[in-house]
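Predicted model only: the values in this text are computed from it and were never measured.
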Amino acid sequence: TDAKYTNFLQGKNDVYAATKCMLYLLNIETTVPAEVPDSMFVFFNKCLGKKHLQPTQVYEEFAEICRVQWGPKKFIEFSME
């Protein structure tokens with residue numbers, strides 16, 4: 001887990017509400033667009049289930065799905081000179 005997210009993830013976040021928000025932002029209500037990877041859709045269904053999930057576990061699993069799907073994070077430094 002990235003150190004800057006540790007404090008955020010230790011709080012009592014509502015995984016269900018966060019997942020519903022993500023689905024809303026992706027405009028997923030009844031059908032899944034082809035652009036959404038199957039692994040991510042399975043992950044969303046898991047988050048919407050009745051089982052209590054730890055936010056740190058959810059973040060790590062989501063980060064791994066993103067890494068597998070799109071590769072490691074890439075950052076571009078912008079200079080303000």
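Asp38 CG: 12 or fewer foreign heavy atoms inside a 6.0 Å radius.
Atoms NZ and CD, on Lys46 and Gln57 in that order, are 5.0 Å from each other to the nearest 0.5 Å. Rounding to the nearest 0.5 Å places CD of Glu64 at 10.0 Å from OG of Ser39.
One hydrophobic cluster holds both Phe62 and Trp70 under the rule that ILVMFWY side chains link at heavy-atom gaps under 4.5 Å. Under the 4.5 Å side-chain heavy-atom criterion for ILVMFWY residues, a single connected hydrophobic cluster contains both Met22 and Leu48. When the side chains of ILVMFWY residues are joined at heavy-atom separations under 4.5 Å, either directly or via intervening members, Tyr16 and Met40 end up in a single hydrophobic cluster.
Nearest heavy atom pair, residue Phe44 against residue Thr19, reads O-CG2, 3.7 Å.
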